[in-house]
2 protein chains.
Amino acid sequence: MTLTPYFNNQNSSVRKLCAGCDQCNERSPLFHPLNRDELSLINKDRYSVRFHEGEVILKQGTQATYYVSIVEGFAKIYIEGHLDRRLILDFVRPWKLVGGPGVYLNEKYRYSMVAVRETLVCFIQAENFKKVLALNSQFSDRFIILCSYNYSRALERMVGLSQKQMHGRIADALIYLSEEIYGQSTIGAEISRQDIADYTSMSKDSAIRILKELERDAIIHLEGHTIQILDSRRLHDISVKG
Amino acid sequence: MTLTPYFNNQNSSVRKLCAGCDQCNERSPLFHPLNRDELSLINKDRYSVRFHEGEVILKQGTQATYYVSIVEGFAKIYIEGHLDRRLILDFVRPWKLVGGPGVYLNEKYRYSMVAVRETLVCFIQAENFKKVLALNSQFSDRFIILCSYNYSRALERMVGLSQKQMHGRIADALIYLSEEIYGQSTIGAEISRQDIADYTSMSKDSAIRILKELERDAIIHLEGHTIQILDSRRLHDISVKG
DNA sequence: AAATAAAACTGATTTGAGTCAATGATTTTA
DNA sequence: TAAAATCATTGACTCAAATCAGTTTTATTT
């Protein structure tokens with residue numbers, strides 16, 4: 001059995017840390033349509049691994065043989081682009097399936113993922129995953145929905161990154177983080193200024209400048225590393241106006 | 001039967017212009033795995049329409065109920081972004097399936113498509129398409145591959161657009177056009193300077209400037225509206241160096 | 001073929017955003 | 001707990017790229 005280098009060398013933490021896919025079945029809508037046999041096929045070569053803060057879960061460029069499902073914790077996904085610049089694609093919380101187009105195409109991972117804090121992930125062998133896709137059309141339907149959603153989001157970000165200027169992009173990032181990731185008006189201290197810069201594709205200095213400016217205008221409040229959205233309406237306004 | 005506005009008003013050209021899906025079956029690898037029954041299901045509510053140069057085939061924001069397959073001709077796909085700026089996603093030639101994530105999600109089209117020259121397209125009802133996806137796992141496998149490819153390309157472009165500067169982006173555009181779309185060193189006169197600007201997300205003036213510069217350096221040759229790649233190696237070099 | 005419209009080009013100017021350099025604040029480590 | 005390291009912040013400067021204002025060329029129309 002081949003393992004990706006990123007958990008092959010960590011035997012101590014390679015343990016079956018969750019009871020089985022039955023749990024995930026209940027929590028992740030994607031796996032809902034699967035019956036016992038299909039679940040056990042996915043369960044067969046599954047592994048769960050606990051990662052510490054800052055540890056690499058997936059590395060861009062390595063052979064993409066596993067999908068990854070976040071079971072608990074918090075991670076970020078980014079592309080290592082030109083001149084070592086990062087572009088953060090997503091922050092991910094439990095029950096999200098990650099792996100990207102590379103896994104399905106049996107190629108290399110197109111992005112890296114690192115744990116933002118202690119994170120438990122489940123590695124699902126792509127081959128088994130594909131077999132189950134062929135067996136269960138309701139499952140493949142949901143998987144296509146997931147792919148469509150990813151693609152759709154990529155298109156939206158493509159436009160945002162290439163056509164909006166800094167204020168608009170920062171507004172987008174803050175809206176994304178507060179509404180999609182945190183589900184509340186306060187963005188946690190795990191998110192650094194550099195992260196925001198990497199998400200919005202600008203220099204850290206510029207990101208800080210804009211954040212400070214938004215604070216001066218009473219649209220956000222900065223306290224240490226946390227960011228609190230004070231005026232969501234104006235933030236959306238800035239996002240739209242670019 | 002509901003039709004998209006874009007061919008509802010053109011009764012004169014609403015004709016069954018191709019014999020049936022049997023042809024497409026042979027030409028488009030995506031449809032290869034389909035049997036007679038599945039093809040006829042797709043064939044049932046199918047329409048083919050001929051569009052003139054400049055005519056809108058799909059309009060961003062309208063209800064996405066059809067996939068579109070290019071049968072003959074040449075078209076371009078673009079997103080209408082902020083402040084009426086366009087971002088060209090792709091140029092498309094025959095046997096490419098277009099529609100984007102919107103169709104599968106039963107939402108709105110996320111982009112527009114216009115004919116670059118006389119183009120024959122086939123509209124395939126999304127509902128039937130989905131039914132066939134559920135029936136034939138080999139077909140859905142190929143469809144997922146297509147989705148993965150689209151997503152993958154979107155990620156790559158996201159990085160290019162946000163991290164490369166003008167020279168690198170122009171190089172990317174020229175490589176894409178000559179290698180992927182034209183399959184030869186000469187890019188046709190259908191591609192305007194504005195198109196190249198819209199593909200690379202820069203002003204037309206800047207695009208022209210860089211092209212002229214590349215001509216001065218004997219990397220390309222400009223003759224009227226056509227662009228000939230003279231030194232592909234150096235162009236790839238510029239693309240990589242950003 | 002002249003008139004008009006649409007693209008393609010070019011130089012001058014402005015500006016958005018990156019870089020650099022230095023300082024302050026916080027966290028981690030020895 | 002002091003030292004080191006990391007992260008946040010700010011102002012000054014630079015540069016890439018957009019805008020503007022024309023001119024030239026190429027299509028289209030009458």
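Reckoned from all heavy atoms, side chains included, excluding hydrogens, waters and symmetry mates.
- Side-chain atoms of Ser203(A) lie closest to dG18(C) of the nucleotides dA8(C), dG18(C), dC7(D).
- Counting to the nearest Å, the P atom of dA6(C) and the CD atom of Glu53(B) are 14 Å from each other.
- If you check distances only, the side chain of Asp205(B) does reach the base of dC20(D) with a donor-acceptor pair under 3.5 Å.
- A close approach under 4.0 Å does not occur between any side-chain nitrogen or oxygen of Arg209(A) and OP1 or OP2 of dT10(D).
- Taking atom CZ of residue Arg193(B) and atom P of nucleotide dT25(D), one finds them 15 Å apart after rounding to whole Å.
- Between Tyr176(B) and Tyr199(B), a ring centre-to-centre spacing shorter than 6.0 Å is recorded.
- Under 3.5 Å, the side chains of Glu179(A) and His236(A) contain a donor-acceptor pair of N or O atoms.
- Taking only side-chain nitrogens and oxygens, Gln165(A) comes nearer than 4.0 Å to OP1 or OP2 of dA17(C).
- Distance, Ile170(B) CD1 to dA16(D) C1': 14 Å, rounded to whole Å.
- For the pair Glu213(B) CD and dA17(D) P, the computed distance is 11 Å after rounding to whole Å.
- The aromatic rings of Tyr182(A) and Phe74(A) sit perpendicular to each other, their planes meeting at more than 60°, with 30° as the lower class boundary.
- Residue Ser206(B) places none of its side-chain N or O atoms closer than 4.0 Å to OP1 or OP2 of dA17(D).
- One atom, NZ of Lys204(B), and another, C1' of dT23(D), lie 13 Å apart when rounded to the nearest Å.
- Per the geometry, CE belonging to Met166(A) stands 12 Å off P belonging to dT19(C), to the nearest Å.
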- Task: For the pair Glu213(B) and Arg216(B), evaluate salt bridge (Lys or Arg N to Asp or Glu O under 4.0 Å) and give the outcome as yes or no after the intermediate values.
- Result: CA-CA 5 Å; Glu213(B) 210 174 302; Arg216(B) 244 172 277 132; 5.1 Å; no
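- Distance His167(B) NE2 to dA17(D) P: 7 Å, rounded to the nearest Å.
- If you take CD of Gln194(B) and P of dA18(D), they are 12 Å apart, rounded to a whole angstrom.
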